[in-house]
Amino acid sequence: MNGIYWFRKALRLHDNPALSEAVEKCETLFPLFILDPSIRSFVKVGANRWRFLVQSLQDLDRSLREANLRLIVIRGTPKDLMPKLIDKWKINLIAYEMDTEPFAIKRDQEIDQIANKLKVELIKRVSHTLYDPNDILRNSASKSTPFTYQGFLTTLSKMGSLSPPLPVPDFSHLHPIEKYLKNEPCELPTLEELGIKESECGPCLFPGGETEAIKRMEQTLSDHKWVVSFAKPNTSPNSLKPSTTVLSPYLKFGCLSCRRLYFKLKEIESKSSKCTQPPVSLVGQLLWREFFYANAALTPNFDKMVGNPICKQIEWDKNDEHLKAWKEGRTGYPFIDAIMIQLKTEGWIHHLARHAVACFLTRGDLWISWEDGLKVFEEYLLDADWSLNAGNWLWLSASAFFHQYFRVYSPISFGKKTDPNGDFIRKYIPVLRRFPKEHIYEPWKAPKFVQQNCKCLIGVDYPKPIVDHETVRKINLSKMAKAYANNKAESIVEETGDVLMSPKKKKKI
DNA sequence: ACATCGGTTGGGGTT
DNA sequence: AAACCCCAACCGATG
């Protein structure tokens with residue numbers, strides 16, 4: 001049998017069920033990656049993430065070559081290419097990992113149709129997440145995906161245990177494929193080909209690839225005490241070295257199997273008499289990922305406000321200047337700006353740092369739509385994962401999942417708890433580095449002579465705050481209360497089909 | 001006696 | 001000081 005394993009995510013050989021099954025069934029296997037130019041119309045990918053992808057493909061190719069295979073990278077759209085490749089390589093099997101993102105579902109449906117028409121067997125397996133979202137739906141008591149983490153855990157507890165991760169398959173029986181690849185341009189992409197200049201990329205702190213992923217996992221989890229006492233809320237959003245694992249980019253591209261990580265964590269936990277628990281533990285972090293994936297897969301228009309049934313409808317402002325200032329780290333709030341500069345240059349920021357800047361952009365300060373923030377994260381984050389990105393923006397903007405909108409992060413005091421000296425700010429905004437710690441979070445309040453001594457005049461060398469936090473916070477809280485009231489009224493009209501309400505419901509409003 | 005329902009209540013929610 | 005919503009647990013009414 002001649003098969004294609006189609007790499008999209010799951011850029012790995014370990015614990016890749018669809019790949020393993022294809023290897024077992026085939027005599028000849030073509031490891032394929034399709035570089036689809038139309039991807040740019042779905043998602044904006046910044047230089048750092050392109051680099052991560054290129055590195056991941058290089059690593060995959062290296063590993064495949066050790067097994068006398070190679071990665072075949074072909075340019076074009078899947079639906080145009082597949083029929084030609086099926087014919088050229090005499091393919092009778094296509095295997096790939098299931099993907100729940102809307103654009104991927106559409107893409108894969110087209111391939112499935114082609115395969116069915118040409119009598120090509122399909123192998124499709126869930127391995128980007130621990131659970132199949134549809135299984136979660138089936139096991140949920142409420143007939144919908146659980147909207148709370150605790151409810152989600154309850155559903156999982158009814159679902160039986162996971163099977164352990166698979167090893168790298170044995171490729172030794174496969175025939176060589178080089179002879180099929182004559183006159184076929186199928187080399188790995190370079191940054192130049194993708195239109196990226198090396199100078200656009202920041203320092204490469206997190207190189208892509210399966211090898212690097214496993215190495216990072218082993219290193220990060222080698223301190224078992226740290227693993228079993230991990231509590232997310234106690235980690236620091238503004239430490240100079242990441243206070244969490246930074247495995248997220250590897251999970252996003254599937255360089256690391258979430259199941260392999262899960263079992264590794266469980267193994268470490270089993271050796272300890274007491275360990276932290278979900279939601280704050282490391283296993284808990286993986287389950288947050290599952291939580292958002294399930295909700296994203298089962299909610300229409302999950303990455304939008306309009307047409308999204310779980311999303312509060314809120315009249316956000318359009319303000320391109322403020323949005324640009326936020327994106328470029330020029331809000332005048334050093335804590336916010338430092339985080340945004342770290343995001344742009346390095347491609348990773350701590351989860352709580354994401355909270356702070358997301359709250360600032362939306363309900364906290366700027367009152368700009370979370371959809372605009374989502375796009376910026378999508379561009380800059382190495383770990384930008386459609387479901388998780390949208391889920392977290394819904395959460396932070398208090399549009400879904402989270403509703404205590406009166407809890408607003410202070411762009412001044414939040415960072416002080418874990419970095420009273422402001423070293424994080426000094427690192428990412430060098431122009432502020434001379435300010436004493438008393439002024440570094442609010443440099444505009446420093447007397448003129450202090451600013452002069454620090455060689456940084458606020459309003460000249462570093463911007464004044466674009467909004468006054470205390471003022472806009474109060475205004476936004478009342479806007480939020482109004483928006484919530486409107487949404488409640490809307491939902492009652494929907495339920496009853498009438499504007500007349502029962503007295504009891506009326507009283508509640 | 002039992003199951004099912006509609007509605008209320010209170011505890012809790014990754015800072 | 002409380003604000004928000006979700007949901008499990010509880011309650012009484014009903015068949």
Side-chain angles (χ1 to χ4, degrees), chain A residues 139-158 229-239 243-245 248 276-292 295 299 309-314 335-336 339 349-360 362-364 388 391-419 469 473-492 495-496 501-509:
Chain A
N139 284 279
S140 168
S142 61
K143 282 284 164 203
S144 67
T145 341
F147 294 134
T148 64
Y149 189 82
Q150 288 308 320
F152 187 75
L153 291 184
T154 308
T155 303
L156 293 192
S157 69
K158 291 185 283 189
S229 59
F230 183 94
K232 188 63 160 280
N234 300 342
T235 59
S236 166
N238 48 3
S239 53
S243 61
T244 49
T245 65
S248 52
T276 53
Q277 294 297 312
V280 301
S281 65
L282 280 171
V283 169
Q285 305 314 300
L286 266 182
L287 298 182
W288 275 109
R289 182 171 177 275
E290 298 291 313
F291 172 81
F292 284 122
N295 273 289
T299 307
I310 66 169
C311 181
K312 290 272 185 288
Q313 304 297 302
I314 297 170
F335 178 58
I336 300 298
I339 293 168
I349 55 178
H350 186 277
H351 185 69
L352 292 177
R354 301 178 196 202
H355 281 215
V357 298
C359 182
F360 188 90
T362 58
R363 64 193 169 85
L388 310 181
N392 278 300
W393 276 100
L394 284 164
W395 184 293
L396 260 304
S397 63
S399 296
F401 306 115
F402 172 86
H403 303 278
Q404 293 161 285
Y405 59 76
F406 36 86
R407 286 197 191 169
V408 175
Y409 290 89
S410 165
I412 296 149
S413 59
F414 182 62
K416 285 186 187 173
K417 275 178 290 182
T418 42
D419 180 23
H469 175 66
R473 190 184 70 90
K474 288 192 189 109
I475 295 169
N476 291 348
L477 275 177
S478 68
K479 282 190 194 167
M480 212 61 191
K482 214 174 269 173
Y484 265 53
N486 281 341
N487 277 270
K488 205 170 205 175
E490 289 288 321
S491 73
I492 287 170
E495 274 168 33
T496 61
M501 300 170 241
S502 71
K504 271 177 195 164
K505 280 186 173 171
K506 218 173 203 170
K507 213 167 103 189
K508 260 193 165 174
I509 293 164

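The basis for the numbers below is simple: all heavy atoms, side chains too, and nothing from hydrogens, waters or symmetry mates. Throughout, a chain's letter reflects where its sequence line sits, starting with A, and its residues are numbered from 1.
- Among the nucleotides C:dC4, B:dT15, C:dC5, the one closest to the side chain of A:Lys488 is C:dC5.
- Listed candidates were C:dC5, C:dC7, C:dA3. Nearest to the side chain of A:Phe406 is C:dA3.
- Relative to the side chain of A:Trp288, the nucleotides B:dT14, C:dC4, C:dC7 differ in distance, and B:dT14 lies closest.
- When the shell of 6.0 Å around NZ of A:Lys158 is examined, it contains more than 12 heavy atoms from other residues, nucleotides or ligands.
- The NZ atom of A:Lys488 lies 8.5 Å from the NZ atom of A:Lys312; values are rounded to the nearest 0.5 Å.
- The CZ atom of A:Arg363 sits 11 Å away from the C1' atom of B:dT15 (whole-angstrom rounding).
- Look at NZ on A:Lys482: it is 20 Å from P on C:dA3, rounded to the nearest Å.
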Using residues 230-238 of chain A as the side-chain source, report each donor-acceptor pair under 3.5 Å to any protein atom, sequence neighbours left out, with the distance given to one decimal.
unit_1, atom_1, unit_2, atom_2, d
A:Lys232, NZ, A:Gln285, OE1, 2.8
A:Thr235, OG1, A:Lys232, O, 2.6
A:Thr235, OG1, A:His350, NE2, 2.8
A:Ser236, OG, A:Asn238, N, 3.2
A:Ser236, OG, A:Asn238, OD1, 3.1
A:Ser236, OG, A:Ser239, N, 3.2
A:Asn238, OD1, A:Thr418, OG1, 2.6
A:Asn238, ND2, A:Gly415, O, 3.0

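- Looking at the side chain of A:His403, the nearest of the listed nucleotides C:dC5, B:dT14, C:dA3 is C:dC5.
- In this structure, CH2 of A:Trp395 is placed 7 Å from C1' of B:dT14, rounded to the nearest angstrom.
- Checking B:dT15, C:dC4, B:dT14 against every side-chain atom of A:Tyr409, the shortest atom distance belongs to B:dT15.
- Closest approach to the A:Tyr484 side chain among C:dC5, C:dC6, B:dT15 is made by C:dC5 (side chain taken as heavy atoms from C-beta onward).
- Going from the P atom of C:dA8 to that of B:dT14 covers 14 Å, rounded to whole Å.
- Checked by distance alone, A:His351 brings a side-chain donor or acceptor within 3.5 Å of a matching partner on the base of B:dT14.
- As rounded to whole Å, 13 Å separates atom C1' of B:dG13 from atom NE2 of A:His355.
- Look at A:Phe414 and the base of B:dT15; the rings do not stack under the cut-offs of 5.5 Å between centres and 30° between planes.
- To the nearest angstrom, P of B:dG13 lies 19 Å from CZ of A:Phe147.
- Between A:Trp395 and A:Phe401, the angle of the ring planes stays under 30°, which puts this pair in the parallel group of the 30/60° scheme.
- Separating the NZ atom of A:Lys479 from the P atom of C:dA3 is a distance of 23 Å, rounded to the nearest angstrom.
- With a cut-off of 3.5 Å on both pairing distances, B:dT14 has no Watson-Crick or G-U wobble partner at all.
- Taking every heavy atom of both residues into account, A:Asn476 and A:Gly364 meet most closely at ND2-O, 3.1 Å.
- In this structure, CZ of A:Arg407 is placed 12 Å from P of C:dA3, rounded to the nearest angstrom.
- Straight-line distance from the CZ atom of A:Phe402 to the C1' atom of B:dG13: 8 Å, rounded to whole Å.
- Among the atoms of the strands shown, only primed sugar atoms or phosphate atoms (P, OP1, OP2) are found under 4.0 Å from some heavy atom of A:Tyr149.
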